[in-house]
Amino acid sequence: MAHFTKATSIKDWLNQRLAIEKVEKVMASEYWIPKNINFLWAMGMVLVITFTFLLVSGIFLLMYYQPNVDLAFDSVNYTIMREVDFGWLWRNVHGVAASVVFLIIYIHMFTAIYYGSYKKGREMIWISGMLLFVAFSAEAFSGYMLPWGQMSYWAGMVITNLFSGGSLHADGLVEWIRGDYVPAQAFLSRFFMLHVLLIPVAILGLIGLHFGALRIPHVNNQDGEEIDFDKESKKYLAGDKAGSKVIRFANDFMSKDMLVVAIYLVFFFYLVFYHYGFAMDPVNFDPANGLKTPTHIYPEWYFLWSYEILRPFSTNIGLMAFAFAQVIFMMLPFLDRSPNTVPASRRGLFKYWFWAMLIDMIILTAMGKVPPIEPFGTIGFYAALTFIGLWIALPIITMFEKKA
Amino acid sequence: MKDNSRRGFMGKAFGAVAGVGAIASLFAMKKTWDPLPSVKAAGFTTLDMSAYKENELVVEKWRGKPIFVLKQSKEMLDTEDKNMSQLTGKTTEAMDKKRLIRIGDAEYMVTIGLCTHLGCIPGYNQDKKSFLCACHGGMYDDTGMVTKSPPPRGLDIPPFKIKGNILVLGEEGPEYKKMKETGITL
């Protein structure tokens with residue numbers, strides 16, 4: 001048994017029992033971050049803050065929300081929005097954060113793609129990140145069901161129908177997922193459970209894995225340089241702070257992070273107070289009606305690109321293309337055959353691949369928003385083909401990449 | 001050695017019991033997600049077919065799903081529709097009009113009013129005598145056959161039984177069974 005002495009202070013008392021000084025060093029003051037980074041490296045902290053907002057606002061919404069097909073709509077649009085003091089604030093924060101979190105996730109993802117932060121031991125960071133993207137997508141979808149408006153109902157109908165697998169006609173599976181022939185009480189209750197318990201627990205676990213995956217390979221830097229973190233941290237601790245290539249996570253790196261967070265929050269709260277409408281579809285202010293489809297159904301903006309990959313094809317091919325789009329980003333570390341871990345700008349053809357992919361996804365997003373009429377259908381069709389083509393081309397162009 | 005084999009046995013026995021428990025709980029979880037008996041026994045919908053007017057779409061409800069009832073006019077019956085059946089690969093002539101249900105002297109289109117692509121409700125255009133699904137642009141003619149992709153097949157026909165002037169949805173009559181056998185509906 002460990003030997004305990006009479007504590008000289010509260011800190012000492014805790015230290016003997018929980019080793020708080022050691023924990024602080026491992027987690028913060030002696031967790032080393034490269035100096036050679038830019039504001040894009042702050043997106044992780046921006047996501048942590050946004051997720052915290054979602055959690056806190058969600059707790060307050062949960063106190064008044066009623067997961068019942070007859071009460072849900074009014075509990076959101078009347079009780080929370082009009083009766084509860086500051087209920088509107090939690091709803092606006094929750095809705096805006098749910099939308100903006102995807103913007104930041106996409107920036108975070110494309111930063112990693114640009115700087116090659118998914119290679120040389122960082123594969124698990126990428127994979128856990130993509131699992132987080134899947135979990136956040138499921139969380140966003142299940143949350144979208146809860147106000148039980150027209151868009152909730154019909155998005156629920158369309159997305160659960162995807163599981164019939166086209167010509168496989170797995171209608172039994174679809175009915176099993178819904179707990180009914182159509183989205184009804186059983187459906188609302190179980191998606192409520194998923195939204196407030198199971199998926200958030202999964203997200204918290206995945207965040208732990210994502211952070212843990214960072215510890216051994218460490219954070220990447222602007223040049224993809226392989227830094228000897230032991231040597232550089234010793235240099236720093238010996239007093240040569242200027243000569244060392246690393247800084248402490250806290251408070252040094254955090255202070256830079258929090259500056260970016262502060263700027264982000266100005267933008268975030270501008271949206272919350274003055275521009276929350278973009279996160280709340282007007283169609284969803286009509287109560288769910290299983291006998292009337294809205295004239296134009298589209299998902300929230302962050303799902304539009306994959307929706308547009310589904311849409312221009314016939315059912316089976318569309319489903320296959322859609323499934324391809326859902327998993328292919330996960331495979332990125334293995335499809336990129338080049339050993340170069342440098343910014344895309346120094347990687348020959350990959351530079352064009354990166355920008356083509358980014359622009360193609362923006363085009364897919366735009367085409368997913370407009371009704372399925374010409375010329376948008378054709379543009380969307382070719383953009384979807386381009387998406388698939390780019391992924392097929394990736395292993396080939398990276399295989400012939402010169403060593404940087 | 002003796003110890004080892006005893007440990008090995010203990011490990012296997014523990015693993016086996018835990019494994020059976022895990023499978024049993026998965027089974028219970030799966031069954032818990034199943035639709036409830038009360039939902040499954042949602043019952044039958046009875047339609048009095050004499051009440052419908054020609055070329056006027058009426059939306060009924062069966063097991064929470066919309067049901068399209070469209071009485072055919074003479075003009076609609078005489079028009080040969082250009083449609084396709086991706087499901088059976090059969091040609092237009094072989095499929096056209098066979099989806100209609102004859103009750104008394106009139107022909108009716110009775111289908112589940114959900115697009116076979118992803119389940120939106122198509123809208124009916126009385127002048128063009130065709131259905132358009134706004135979600136992904138799929139189209140159907142006045143017998144519920146596909147005229148424009150992406151829907152993979154015509155509108156599904158619910159199980160039905162003819163009782164004089166009455167149509168019962170949810171029961172499988174001989175006319176429905178024949179349609180199923182010949183691949184006219186799923």
Side-chain angles (χ1 to χ4, degrees), chain A residues 69 153-164 166-169 171-187 189-190 193-194 289-299 307-308 310-319 322 368 371-374 376-377 380, chain B residues 29-43 45 57-68 84 86-89 112-125 131-139 146 148-153 156 158-159 169-170 185-186:
Chain A
V69 286
Y153 183 91
W154 287 100
M157 177 74 99
V158 169
I159 299 295
T160 47
N161 263 341
L162 289 178
F163 289 90
S164 71
S167 288
L168 297 176
H169 292 297
D171 297 332
L173 177 63
V174 175
E175 279 157 21
W176 182 72
I177 292 169
R178 290 177 188 160
D180 202 332
Y181 301 105
V182 288
Q185 183 59 54
F187 174 86
S189 307
R190 61 187 56 178
M193 176 281 289
L194 290 175
N289 179 355
L291 296 183
K292 185 171 167 280
T293 318
T295 48
H296 182 200
I297 297 184
Y298 42 82
Y307 175 73
E308 186 58 24
L310 169 81
R311 197 165 68 162
F313 302 106
S314 66
T315 313
N316 289 335
I317 298 169
L319 273 177
F322 183 72
I373 49 167
E374 294 308 320
F376 307 129
Chain B
M29 287 173 195
K30 190 266 167 194
K31 296 296 274 182
T32 302
W33 272 66
D34 275 349
L36 299 176
S38 60
V39 168
K40 280 186 163 171
T45 300
L57 183 76
V58 180
V59 181
E60 305 283 358
K61 201 172 170 182
W62 171 69
R63 291 187 183 171
K65 292 176 187 176
I67 297 293
F68 286 167
M84 51 191 181
Q86 281 150 308
L87 176 69
T88 59
I112 295 173
L114 298 174
C115 183
T116 52
H117 182 223
L118 287 173
C120 298
I121 302 181
Y124 184 60
N125 184 323
F131 293 89
L132 168 68
C133 180
C135 288
H136 304 92
M139 289 178 86
V146 182
K148 183 173 172 286
S149 255
R153 61 181 189 280
D156 291 328
L169 300 181
T185 186
L186 265 186

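The sequence lines fix the lettering, A, B, ..., with proteins before strands; numbering per chain opens at 1. Predicted, not measured: the structure shown is a model, and the values here were computed from it.
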*asked:* Heavy-atom pairs under 4.5 Å with chain B - which of E175(A), R190(A), K292(A) has more of them than the others?
replied: R190(A)
When rounded to the nearest 0.5 angstrom, what distance separates [atom1] in [X] from [atom2] in [Y]?
X       : Y       : atom1 : atom2 : value
R311(A) : H117(B) : CZ    : NE2   : 10.5 Å
I121(B) : M157(A) : CD1   : CE    : 6.5 Å
L114(B) : N161(A) : CG    : CG    : 7.5 Å
W154(A) : C135(B) : CH2   : SG    : 8.0 Å

*Can you tell which part of Y298(A) gets under 4.5 Å to a heavy atom of chain B, answering side chain, backbone, both or neither?*
neither
_Segment of I159(A) engaging chain B (4.5 angstrom heavy-atom cut-off)_ = neither
*Of all heavy-atom pairs between Y181(A) and V39(B), which one has the smallest distance, and what is that distance?*
CE1-O, 3.5 Å
*Identify which of A134(B), G138(B), C115(B) forms the greatest number of heavy-atom pairs closer than 4.5 Å to chain A.*
A134(B)
_Can you confirm if the aromatic rings of Y307(A) and H136(B) lie within a centre distance of less than 6.0 Å?_
yes
*Got C120(B) and V158(A) here, is their nearest side-chain heavy-atom distance under 4.5 Å?*
yes
*Considering only heavy atoms from C-beta outward, does the side chain of D180(A) approach that of P35(B) to under 4.5 Å?*
no
_If we ignore hydrogens and angles and just use 3.5 Å, is the side chain of W176(A) paired with the main-chain N or O of K30(B) as donor and acceptor?_
yes
*asked:* Just checking F163(A): does its CZ atom have more than 12 heavy atoms from other residues, nucleotides or ligands closer to it than 6.0 angstrom?
replied: no
